[in-house]
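Notes for the one structure printed next.
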Amino acid sequence: MKWGIDLGGTKIEGVILDEEGKVVDRRRIATEREGGYAHIVSRIALLVEQMREATGLNPAHLGIGTPGAIDPPTGLLKNSNTVVLNGHPLDKDLERAIGVPVTLANDANCFAVAETLLGCVPKEAPDAKVVFGVILGTGTGGGIVVDGKILGGGQGIGGEWGHMFLDNSAGYCYCGRVGCVEQILAGPAQERYYANLSGTARTMKDIVPRYRAGNDPAATATLDRFFHFFAKGIANVINVLDPDVVVLGGGLGNIDELYTQAVPRVVDHLFNPRLDTRFLRPSLGDSAGVFGAALL
Ligand SMILES: [Zn+2]
């Protein structure tokens with residue numbers, strides 16, 4: 001049995017998978033992050049205890065997926081948007097609290113490995129060796145999987161394409177630099193761009209249908225810009241990594257026009273006369289994060 005925990009800012013989800021990847025138990029509790037670091041650790045331990053009680057099973061190992069990453073030289077979590085977790089040895093503290101070995105990985109890496117081993121890749125591209133998983137939503141996460149294993153990198157930042165330089169028009173990023181992919185392609189960045197053009201605040205849920213209706217020039221400009229810069233940004237990744245497959249996850253990853261309008265433009269920025277990389281839709285939905293954690 002494989003035990004996985006998906007630690008988010010508002011909820012903690014746990015799953016137990018059997019040898020074939022079937023769900024044996026799945027449940028969630030609130031993170032209660034306002035309680036602070038030690039409280040979050042105790043919430044995860046409580047969830048594991050509930051899973052033990054419900055199934056009569058005991059974990060031999062626990063996989064944890066969460067935003068951020070363990071910094072390899074220091075062993076401390078960094079880059080989490082649940083900022084109270086940053087600077088703590090979360091995996092070691094969980095091992096102490098729960099009494100089993102813990103492996104922690106970035107949530108985008110969990111998404112990528114879950115889709116590679118249990119999701120769309122085995123169904124649609126079973127021969128793929130290198131997979132780049134993208135989460136396009138409130139951020140622009142990414143994870144690299146090679147031969148079924150996450151490539152986390154020596155600094156724990158493998159796959160973090162969201163903070164590659166893309167264009168000066170992106171402006172300042174919270175990471176301290178200018179021009180990051182995330183400040184153009186992530187949902188909040190696009191909503192800001194639209195509001196500046198139109199003088200009206202709308203969410204992407206409203207902007208996308210207005211783009212399709214074709215009667216809102218600001219929506220047209222916002223989505224055209226999205227498709228142009230998505231093609232440019234992902235081409236930069238492909239030029240370096242040359243993955244067999246890119247899986248497009250997250251709330252913005254399911255916009256159909258990404259496949260029809262943006263992917264055909266990737267070749268314009270590629271060091272190759274044609275694009276052989278396959279772009280796949282994820283098939284695990286919200287389950288990818290917690291399944292990926294179990295696969296750690
Ligand atoms: Zn940045």
Side-chain angles (χ1 to χ4, degrees), residues 7-9 33 65-74 76-88 90 104-112 132-145 150-197 201 203-204 207 221-241 243 246-253 255 258 262 265-266 269 289:
L7 170 59
R33 66 172 157 185
T66 194
I70 296 289
D71 185 40
T74 63
L76 307 177
L77 195 80
K78 64 181 176 185
N79 298 341
S80 175
N81 52 4
T82 301
V83 291
V84 295
L85 298 174
N86 287 326
H88 292 279
L90 179 59
L104 189 147
N106 176 266
D107 56 348
N109 290 347
C110 290
F111 163 79
F132 186 59
V134 174
I135 300 181
L136 271 178
T138 52
T140 46
I144 300 167
V145 176
I150 292 169
L151 190 70
Q155 300 169 92
I157 56 170
E160 292 287 3
W161 75 308
H163 301 274
M164 287 173 67
F165 178 82
L166 185 54
D167 193 71
N168 273 322
S169 68
Y172 286 94
C173 182
Y174 66 86
C175 75
R177 281 166 291 275
V178 169
C180 291
V181 165
E182 185 158 300
Q183 297 306 324
I184 293 184
L185 300 186
Q190 297 198 58
E191 289 162 3
R192 269 199 313 276
Y193 184 79
Y194 177 89
N196 283 338
L197 283 183
T203 66
M204 288 301 281
I207 298 168
T222 300
L223 272 293
D224 280 346
R225 179 172 179 268
F226 177 35
F227 301 146
H228 168 73
F229 279 116
F230 172 80
K232 201 168 183 174
I234 204 73
N236 286 340
V237 174
I238 296 172
N239 278 333
V240 174
L241 184 66
V246 175
V247 185
L248 289 182
L252 300 186
I255 295 174
L258 266 181
R265 298 188 212 173
V266 172
H269 310 282

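Ligands are counted one by one from 1 in listed order, and the atoms in each one are counted from 1 as well.
- Scanning all heavy atoms of the two residues, the minimum distance from Gly162 to Cys180 falls at O-CB, 3.5 Å.
- Taking Asn196 as the reference, nothing meets the side chain to side chain contact (heavy atoms under 4.5 Å, CB included) condition, with sequence neighbours excluded.
- Considering every non-hydrogen atom in both Glu191 and Thr203, the closest pair reads OE2-CA, 3.4 Å.
- Ile184 and Gln190 make their closest contact through O-CG, 3.3 Å (heavy atoms, listed as atom of the first residue, atom of the second, distance).
- In plain terms, the two heavy atoms of Gln183 and Ala170 that are nearest each other are CB-O, 3.6 Å.
- Ring centers of Phe229 and His269: at least 6.0 Å apart, outside the cut-off.
- The distance cut-off of 2.8 Å around the Zn ion (ligand 1) captures these protein N, O or S atoms, sorted by chain and number: His163 ND1, Cys173 SG, Cys175 SG, Cys180 SG.
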